[in-house]
Amino acid sequence: MSSDSPYDSPQAAPPAGPWLSATARRRLKWFGWITTLALLGLFLLVAALRSTGPTAKQQAALAVLREPLAPLQGRDGATAAWLFDHVVPEKDWPAAFAELRRYHFEYSALADHGKKQQAERLPHPLRSYPERSVPANDEGICEKGGEGCLEFVREDLRRADGLLVKHGDALQASLALARYDGFRFRETQVPMARLPTFGGDRGLVLTHFAAQFARGERTGSIDALCSDIHARRRHAEEADTLVSALVFSSYVRNDLLLLGDMLAEMPAGQALSPACMAALVPVRPAEPSLCEAMRGEFDFSVRKSEKMASWAAGQGVATGWAAGSIDTENYVSRLAPAYAHFCSATVQQAQGDDLPIVASIPESTLCGPLDYIGDPVGCMLSELTPMDQFAKYADRRTDFVATIALMRTVVWLRETSDDASAWPALLPKRPASLGLKREPKISADGARISIVLLDQSRDEEFSLPLRPATAAITPSDVAARSSH
């Protein structure tokens with residue numbers, strides 16, 4: 001029986017055939033070849049760009065930055081600074097410091113490979129030594145630096161003396177750091193580890209000097225403070241890292257502010273001791289230079305870039321590839337001219353002339369279009385490096401020279417005339433040997449003398465008192481105030 005229904009019997013399948021036409025297949029094949037050749041060309045271009053090596057200018061900069069550091073003449077305090085947070089007997093310092101460095105490297109390696117929790121469980125190598133007792137920020141010491149420290153301590157001298165006794169060990173350890181001839185941190189620092197304690201507890205040190213003066217030990221406290229200025233100037237000049245150079249310079253600045261308050265209460269015409277005059281000698285041409293510190297900063301940047309390859313191994317695919325793809329050689333070569341710029345005669349001359357450093361970034365530091373193809377991550381990191389901040393730091397060191405010269409000028413005014421009303425007329429006649437090249441200004445009320453700063457990121461001016469902020473205070477006044 002026949003039927004016209006299509007469901008009565010199966011239909012024959014259409015003949016099999018290619019799902020793409022011959023023309024489409026040819027086009028796809030050509031696309032594959034073109035893509036392969038493009039990727040191969042890109043690979044060869046990247047390889048060629050990475051094999052070029054540093055330019056002549058970069059090679060010269062690298063040579064300047066890799067000059068060996070002159071050996072420190074005297075005692076190096078780096079180990080004491082690294083171990084400051086714990087009370088470690090001096091005989092144990094070599095072994096304790098070696099263990100501390102091993103700990104930091106091991107911690108860093110574990111953290112780099114994504115094992116932060118395991119790193120946190122590492123036993124601290126100094127755990128068997130007691131932690132050094134230092135005052136809390138709100139405990140009543142001169143935490144804000146030297147300005148106003150003397151009056152702050154006088155407000156409650158009994159409290160200040162109690163804190164100095166309570167934290168006597170930290171005070172003595174902090175004062176001892178000033179007796180070293182320098183601090184060479186470059187070879188002891190660990191990339192991405194914490195910074196050492198550069199000067200111990202500076203709040204305690206300033207409080208100690210101020211309390212000594214407030215108790216009536218005026219000459220002794222001034223001489224001790226001057227010795228600290230002398231030591232910190234030496235440390236700032238010998239600094240082999242940018243951070244330590246700036247930190248030690250800031251110590252001098254705070255010491256000068258406190259010394260200014262002290263001198264303002266002393267009789268005009270009274271000469272300073274030879275120890276104080278030695279602390280305030282004119283600055284030598286090399287003293288404000290950041291050359292050695294920038295060499296240390298460059299060395300640290302190189303080690304950080306090398307460390308990123310190790311860090312990349314512990315990250316995800318995308319992050320690991322990005323960090324691991326940095327062309328370290330070309331990256332550091334691009335950075336070199338910007339760092340070496342601060343060893344140049346141009347910068348040294350500008351600092352000697354008391355002029356601001358032009359914030360110029362050498363062209364070789366910047367990446368062009370081809371550089372971005374050859375090393376995209378390295379180029380991004382180059383642009384993130386705060387090159388424009390370096391000029392500010394150099395200006396801060398030039399200001400450092402001017403603040404010392406301003407203090408020398410105050411001393412000269414006081415020794416030249418005991419009549420403070422005559423000082424404004426004397427100021428234009430100051431000798432060039434004082435080293436103050438910028439024009440100082442005495443306030444209308446004659447209370448302070450100031451200079452304009454080149455680096456105004458923190459303050460526009462630096463000023464010192466010419467007379468006490470309050471009526472002269474005698475030791476008997478202090479004793480009466482402390483008895484309440």
Exercise for the section: Considering non-hydrogen atoms only, spot the tightest contact between Ala160 and Val153 and give its length. Expected result: CB-CG1, 3.8 Å

Practice task
Would you name the heavy atoms of Trp412 and Pro431 that are closest together and state the gap between them?
Solution key: CE2-CD, 3.5 Å

Exercise for the section: Answer yes or no: is there a donor N or O on one side and an acceptor on the other, between the side chain of Arg414 and the main chain of Met266, under 3.5 Å? Expected result: yes

Exercise for the section: For side chain to side chain donor-acceptor pair (under 3.5 Å), just list the numbers for Asp419 and Ser417, CA-CA rounded to whole Å, side-chain angles, deciding distance to a tenth of an Å, and then say yes or no. Expected result: CA-CA 5 Å; Asp419 180 7; Ser417 173; 5.3 Å; no

Practice task
May I ask you to check if Arg397 and Phe400 form a cation-pi contact, with NZ or CZ under 6.0 angstrom from the six-membered ring centre and within 45° of the axis?
Solution key: yes

Enumerate donor-acceptor pairs with a distance under 3.5 Å from any side-chain N or O in residues 176-183 to protein atoms, sequence neighbours excluded.
from: Asp181; atom 1: OD2; to: Arg75; atom 2: N; distance (Å): 2.7

Problem - N/O donor-acceptor pair under 3.5 Å between Arg101 side chain and Ala98 backbone - result: no

Practice task
Provide the closest heavy-atom pair for Ala394 versus Gln351 in the form atom of the first, atom of the second, distance.
Solution key: O-NE2, 3.2 Å

Problem - Pairing of Arg184 and Asp76 as salt bridge, 4.0 angstrom limit - result: no

Practice task
Carefully, step by step, assess Asp255 and Arg233 under the rule salt bridge (charged side-chain N to carboxylate O under 4.0 Å, His left out).
Solution key: CA-CA 11 Å; Asp255 279 356; Arg233 284 182 63 179; over 6 Å; no

Problem - Heavy-atom closest pair, residues Ser433 and Pro282 - result: O-CG, 3.9 Å

Practice task
Please confirm whether the backbone N or O of Ala420 pairs with a side-chain atom of Arg467, one donor and one acceptor, at under 3.5 Å?
Solution key: no

Practice task
Would you kindly check if the NZ (Lys) or CZ (Arg) of Arg159 is within the cone defined by 45 degrees around the ring axis of Phe152 and under 6.0 Å from the six-membered ring centre?
Solution key: yes

Exercise for the section: Looking only at non-hydrogen atoms, find the nearest pair between Phe248 and Arg232 and report the distance. Expected result: CE2-NH1, 3.7 Å

Problem - Residue pair Arg215, Asp161: steps toward the salt bridge (charged side-chain N to carboxylate O under 4.0 Å, His left out) verdict - result: CA-CA 10 Å; Arg215 286 193 297 267; Asp161 283 338; 2.4 Å; yes

Practice task
State, to 0.1 Å, how close Val401 and Pro288 come at their nearest heavy-atom pair, and which atoms those are.
Solution key: CG2-CB, 3.5 Å

Exercise for the section: Would you check if the side chain of Asp445 reaches a backbone N or O of Ala447 as a donor-acceptor pair within less than 3.5 Å? Expected result: yes

Exercise for the section: Please answer whether the main-chain N or O of Thr403 pairs with a side-chain N or O of Arg253 as donor and acceptor at a distance below 3.5 Å. Expected result: no

Problem - Thr398 side-chain N/O to Asp354 backbone N/O, donor-acceptor pair under 3.5 Å - result: no

Exercise for the section: Begin with the C-alpha distance, continue with both residues' side-chain angles, and end with the deciding distance and a verdict on salt bridge (charged side-chain N to carboxylate O under 4.0 Å, His left out) for Glu238 and Arg234. Expected result: CA-CA 6 Å; Glu238 288 284 351; Arg234 183 174 68 250; over 6 Å; no

Handout entry: Lys/Arg N to Asp/Glu carboxylate O, Asp169 vs Arg132, below 4.0 Å
Key = yes

Handout entry: Expected output: side-chain Asp399 to main-chain Leu453 donor-acceptor under 3.5 Å
Key = no

Fill in the blank from the handout: Here the gap from Thr409 atom OG1 to Ile449 atom CD1, rounded to the nearest 0.5 Å, amounts to 6.0 Å

